[in-house]
Novice: 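What follows is a structure written as C-alpha cells; I'll ask about it next.
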Amino acid sequence: MDKSKAIRKIYSSVVTVNDETCTDKDGNIIDIDESLVNAKIAENEYKEKRQAEYPDIGDQLDDLYHAGVFSTEMIAKIKAVKDKYPKE
C-alpha cells in the first residue's frame with residue numbers, strides 16, 4: 001500500500017495528498033501521524049509481497065483444471081470454452 005492510500009484509510013476526511021501536505025474538502029490542512037501511516041503500510045506489506053510472487057491467477061486455475069480439482073459442472077464449462085477457442 002502506498003503512503004497516499006494509507007493516509008486516506010486512516011483519515012477519511014483527507015481529499016488531497018501532496019508530498020507531506022494533506023487537505024480536506026475545504027482546503028484545510030490535516031496533520032497526519034507518520035507512525036500511524038507507516039504502521040498501516042507495514043500492516044499490508046505481506047499481501048503485496050505475496051501478490052508479486054504468486055503465479056498468475058490464470059496459471060493457477062489452469063493447473064487446478066488439469067489436476068481435476070474442479071467439480072464436474074465447472075470442468076464441463078471450462079472444457080466448453082477451451083473447445084470453442086482451441087490453442088493454435
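Fair warning: this is a prediction, and the values are worked out from it, not measured in the lab. No hydrogens, no waters, no symmetry mates; every other heavy atom, side chains included, goes into these values.
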Novice: Under 3.5 Å, is there a donor-acceptor pair between the side chain of D2 and the main chain of K5?
Specialist: yes

Novice: Taking NZ, NE, NH1 and NH2 as the nitrogens, is one of them in K82 or D62 under 4.0 Å from a carboxylate oxygen of the other?
Specialist: yes

Novice: Please walk me through it: do Y11 and D24 pass side-chain contact (heavy atoms from CB on, under 4.5 Å)?
Specialist: CA-CA 9 Å; Y11 301 95; D24 65 12; over 6 Å; no

Novice: List the steps and the verdict of side chain to side chain donor-acceptor pair (under 3.5 Å) for D33 and S35.
Specialist: CA-CA 5 Å; D33 182 336; S35 63; 2.5 Å; yes

Novice: T21 and side chain to side chain contact (heavy atoms under 4.5 Å, CB included): which single residue from I30, D31, I32, I29 fits?
Specialist: I29

Novice: Can you check whether L64 reaches Q60 side chain to side chain, under 4.5 Å on heavy atoms?
Specialist: no

Novice: Can you list the residues that meet the salt bridge (Lys or Arg N to Asp or Glu O under 4.0 Å) rule with E45, with sequence neighbours excluded?
Specialist: K49

Novice: For K3, which residues count as a salt bridge (Lys or Arg N to Asp or Glu O under 4.0 Å) partner, sequence neighbours excluded?
Specialist: E20, E34

Novice: Main chain of N28, side chain of D26: is a donor-acceptor contact present, judged purely on distance under 3.5 Å?
Specialist: no

Novice: Using 0.5 Å steps for rounding, measure from the CG atom of L36 to the CD1 atom of I41.
Specialist: 11.0 Å

Novice: Would a hydrophobic clustering, with Ile, Leu, Val, Met, Phe, Trp and Tyr connected at side-chain separations under 4.5 Å, put F70 with I57?
Specialist: yes

Novice: How far does NE2 of H66 sit from CD1 of I75, to the nearest 0.5 angstrom?
Specialist: 11.0 Å

Novice: How long is the straight-line distance from OG of S71 back to NZ of K77, given to the nearest 0.5 Å?
Specialist: 7.5 Å

Novice: Do I10 and V37 come within less than 4.5 Å of each other through their side chains, counting heavy atoms only?
Specialist: yes

Novice: So do Y65 and M74 actually touch side chain to side chain, heavy atoms under 4.5 Å?
Specialist: no

